[in-house]
Amino acid sequence: MLNNSIFSLKKRLLAIFLLVSFVFFAIIIRLGYLQLGKSGWLQAKAIDQWTRELPINALRGDIVDVNGVKLATNYTTYDIYVRASMVEDSVRVSHELSSILGLDYDTTYKKVVDRFVSESLIKMQASKEIVEKIKSLDLKGVVFSENNSRYYPHGEMLTQVLGFTTIDNVGQAGLEAYYNKYLTGVDGYVLEEGDVHGVRIDNTLRTYVPSIAGLDLHLTIDVMVQGFVERALEVLCKEQKPAKASAIVMNPKTGEIVAMATRPNFDLNNVPRNDVAGLMETVKNINIVDVYEPGSTFKCVTMATAIEKGYAKLSDTFFDPGYRMVDNEKIKCWKLTGHGHQTLSEGLCNSCNSVFVDLALRLGKENVYEMFETFGIGEPLGVDFMGESGGIVMDYDYSKTVDIARMGFGQAVAMTPLQLITAICSLVNGGNLYKPYFLKSMTDVNGRVVYESTVSKLNTTISKETSDIMKQMMIDVIEQYSGYYPFIPGYDVGGKTGTSQKYADGRLSGEYIASFVGVFPGTDPDYVILVVVDEPGGASYYGSIAAIPYAKMVIENIIKYKKYEPVRPEELTDDKKQIVVMPNLVGCGVYNAVAELESLGLYVEVQGDGDIVVSQFPKADTQISAGSVVMIDVGNKGY
């Protein structure tokens with residue numbers, strides 16, 4: 001009996017020993033696993049508990065013009081946080097913060113006393129002055145993180161081109177969005193050790209990882225020329241009161257966009273975010289995104305193509321009775337009485353629709369569509385900007401002869417202003433269609449160039465010989481427009497006006513788009529400027545009245561800025577130009593009125609159909625310079 005008891009006790013002791021050994025073995029295995037297999041994870045958790053990370057926001061790269069003038073830069077702001085575990089007087093902290101920052105007290109108080117959150121964000125992008133005021137109050141538990149906010153030194157300039165960023169400094173529109181990944185730097189941080197309450201422990205290790213600033217963008221934009229364009233559009237909007245207006249200045253020898261502006265616009269330092277729909281409409285760069293029928297400015301492209309392909313010669317003559325009949329449809333010329341007999345060059349100078357109907361029909365359907373492809377119409381050009389439109393070209397199989405005829409003078413085809421000016425650039429630079437671009441180079445924080453753009457040729461449109469002919473033709477257009485007096489005394493300028501009708505719901509809306517494309521210097525252009533006026537509300541919707549004067553303002557300023565020497569210095573001292581008084585012509589016969597105005601040295605635009613002057617611009621007794629353009633509206637007797 002005793003032996004059985006002893007044997008049973010031994011078994012129990014053995015079982016207990018084995019159990020204890022297993023437990024110790026399991027603990028050892030677990031400890032080994034934690035120390036060897038999970039050491040990294042546990043260490044990270046521990047560091048996370050006893051350290052606090054203070055972010056160091058990277059500087060967003062600057063955007064500068066071709067001369068290094070800052071167009072977009074940064075200024076220092078601060079994000080304000082509260083660490084509830086460190087707060088000693090919750091009521092005082094809540095009161096001071098809500099009062100100084102203009103915040104709701106109850107909302108602020110909830111954040112101040114919330115100990116379940118290590119840090120609560122109270123305010124983003126506070127100014128240095130406000131932060132200094134809060135610091136002077138010595139509020140325990142209130143901490144600050146330095147931040148960078150976007151600043152645009154020129155306010156409303158380049159609204160649609162530059163775009164803007166979110167409150168977190170992420171590009172949201174324009175070049176800020178397109179080049180966001182290059183402008184955005186790499187954030188740094190500071191790690192410091194703290195106790196269970198989040199209070200920093202003195203004499204402990206501190207880790208500092210510096211931020212890396214974003215790249216600086218150097219644009220092709222010249223802020224001086226941009227200023228000329230912006231001011232010209234301001235005057236245009238004041239005088240013409242259009243629905244929209246835009247302008248582009250381009251270097252025809254490279255494709256560089258020298259200036260680009262749109263109206264309406266807004267101050268980039270005060271983005272109207274409370275009206276999202278209105279903001280999206282206003283920030284849209286209509287020069288690149290929206291399409292329109294270019295009208296007569298496109299006649300230059302048709303003319304050049306016809307000459308290049310041998311379907312037109314300078315010796316050709318035409319007769320315009322005021323219309324052409326195509327597919328039993330009457331295509332009217334803007335001058336309803338017709339231009340009569342005229343040469344090829346006079347057809348462009350007079351902007352005669354009938355001449356360009358003839359040229360388009362000579363070219364034929366296949367050549368006209370080849371022309372679109374050659375000049376980059378119908379596909380995006382590849383400009384470095386979001387949302388570029390490729391234009392609208394009627395499907396080849398569905399276009400009729402009458403459509404081809406209208407395409408010849410800029411109807412039945414739609415394109416962006418950028419496409420049109422790029423095509424015109426190729427006409428005057430020897431026939432090279434260059435890809436337009438904004439970015440010239442990118443540099444790092446040390447000024448080292450990390451990327452540099454190169455000129456990109458998309459196509460050859462015409463020969464140098466045809467280009468020389470087109471430059472002279474465009475100079476002739478301006479000389480005829482100016483009459484006896486030079487357009488800009490001492491200088492050659494080429495150009496072409498355009499007026500196109502707008503459509504709504506597939507029908508003519510009764511509104512117009514006026515435009516003008518100018519080239520300077522005329523014989524070897526360095527600048528091409530396009531001004532587009534959507535629904536001008538002034539005295540006339542013709543490009544000669546609604547667009548030319550404002551492009552002229554820009555060219556005159558460029559001449560002074562770049563110090564161009566006159567090619568005909570004698571014109572600068574010409575004392576023949578004088579001030580004349582606009583006569584009262586209302587009720588007069590149109591032919592007598594035109595003769596009287598031309599005798600005064602004025603250039604006359606006739607608008608309407610009839611024999612009697614029913615209105616005029618400017619009004620009678622207005623003093624104007626000889627050589628100015630005036631407008632008369634004509635109608636029938638009984639006006």
Side-chain angles (χ1 to χ4, degrees), residues 54-79 124-125 127-128 145-190 208-227 256-261 265-271 273 283 285 288 382-388 436-454 456:
L54 300 177
I56 303 174
N57 294 302
L59 279 173
R60 189 172 177 84
D62 287 342
I63 302 178
V64 302
D65 87 328
V66 72
N67 301 308
V69 177
K70 289 186 178 181
L71 303 173
T73 186
N74 308 286
Y75 67 98
T76 301
T77 58
Y78 298 84
D79 295 341
M124 294 183 69
Q125 296 187 344
S127 67
K128 184 177 180 180
S145 174
E146 188 174 298
N147 204 348
N148 302 296
S149 296
R150 209 58 167 158
Y151 176 65
Y152 302 91
H154 301 278
E156 296 182 351
M157 182 180 285
L158 290 159
T159 297
Q160 292 80 9
V161 173
L162 294 177
F164 51 85
T165 63
T166 66
I167 195 170
D168 296 320
N169 254 3
V170 177
Q172 198 170 12
L175 294 176
E176 290 275 28
Y178 189 88
Y179 286 110
N180 183 67
K181 68 178 181 180
Y182 300 104
L183 289 164
T184 302
V186 180
D187 290 343
Y189 58 87
V190 173
Y208 173 73
V209 178
S211 61
I212 302 174
L215 298 175
D216 293 338
L217 302 187
H218 297 255
L219 304 185
T220 59
I221 297 290
D222 186 326
V223 74
M224 289 296 292
V225 179
Q226 182 70 33
E256 294 177 352
I257 299 171
V258 180
M260 182 180 286
N265 61 346
F266 56 84
D267 186 346
L268 288 169
N269 297 308
N270 188 24
V271 179
R273 301 181 191 273
V283 79
N285 194 336
I288 296 175
V383 65
D384 47 340
F385 203 88
M386 290 181 175
E388 183 192 5
Y437 62 100
F438 287 104
L439 180 66
K440 199 169 184 69
S441 64
M442 287 190 284
T443 58
D444 62 18
V445 68
N446 298 314
R448 183 174 62 91
V449 176
V450 298
Y451 173 81
E452 193 164 11
S453 298
T454 56
S456 178

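One-based numbering along the sequence shown. These figures come from a predicted structure and were not determined experimentally.
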How close do [X] and [Y] get, heavy atom to heavy atom, and via which atoms?
X	Y	result
Asp62	Asp216	N-OD1, 2.7 Å
Val283	Ala173	CG2-CB, 4.0 Å
Val383	Ile257	CG2-CD1, 4.1 Å
Val271	Leu268	CG2-O, 3.4 Å
Val450	Leu215	CG2-CD1, 3.8 Å
Thr77	Ser149	OG1-OG, 3.0 Å

Exercise for the section: Check each of Asn74, Thr73, Val445 against Leu59 using the side chain to side chain contact (heavy atoms under 4.5 Å, CB included) test, and report the only one that passes. Expected result: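 Passing option: Asn74.
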
Problem - Reference residue Ile221; test side chain to side chain contact (heavy atoms under 4.5 Å, CB included); the match among Val258, Leu175, Leu158 - result: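 Among Val258, Leu175, Leu158, the one meeting side chain to side chain contact (heavy atoms under 4.5 Å, CB included) with Ile221 is Leu158.
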
Are the side chain of [X] and the backbone of [Y] linked by a donor-acceptor contact shorter than 3.5 Å?
X	Y	result
Ser453	Leu439	yes
Asp65	Asn67	yes
Gln160	Asn265	no
Asp187	Ala58	yes
Asp267	Asn269	yes

Do [X] and [Y] come close enough that some side-chain heavy atom pair is under 4.5 Å?
X	Y	value
Asn285	Val161	yes
Ile288	Met386	no
Val170	Thr165	no
His154	Val223	yes
Tyr78	Thr76	yes

Exercise for the section: For side-chain contact (heavy atoms from CB on, under 4.5 Å), just list the numbers for Val449 and Thr443, CA-CA rounded to whole Å, side-chain angles, deciding distance to a tenth of an Å, and then say yes or no. Expected result: CA-CA 4 Å; Val449 176; Thr443 58; 3.9 Å; yes

Handout entry: Electrostatic pair Glu256-Lys440, nearest N-O below 4.0 angstrom
Key =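 A salt bridge links Glu256 with Lys440.
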
Exercise for the section: Could you list the residues that satisfy ring-ring contact (aromatic ring centres under 6.0 Å, His included) with Phe438, not counting sequence neighbours? Expected result: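 Applying ring-ring contact (aromatic ring centres under 6.0 Å, His included) to Phe438 gives Phe385.
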
Exercise for the section: Could you give me the CA-CA distance, side-chain angles and deciding distance for His218 and Tyr451, then say whether side-chain contact (heavy atoms from CB on, under 4.5 Å) is met? Expected result: CA-CA 10 Å; His218 297 255; Tyr451 173 81; over 6 Å; no

Return the [atom1] to [atom2] distance between [X] and [Y], rounded to the nearest 0.5 Å.
X	Y	atom1	atom2	answer
Asp79	Gln125	CG	CD	7.0 Å
Ile167	Gln172	CD1	CD	11.0 Å
Leu219	Met442	CG	CE	11.0 Å

Exercise for the section: Using a cut-off of 6.0 Å, state whether more than 12 heavy atoms not belonging to Phe266 lie near its atom CZ. Expected result: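 Above 12, so yes.
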
Problem - Test side-chain hydrogen bond (donor to acceptor under 3.5 Å, both in side chains) applied to Glu176 - qualifying residues, sequence neighbours left out - result: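 Counting only residues at least two positions away or on another chain, Glu176 forms a side-chain hydrogen bond (donor to acceptor under 3.5 Å, both in side chains) with Arg60, Arg150, Tyr152.
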
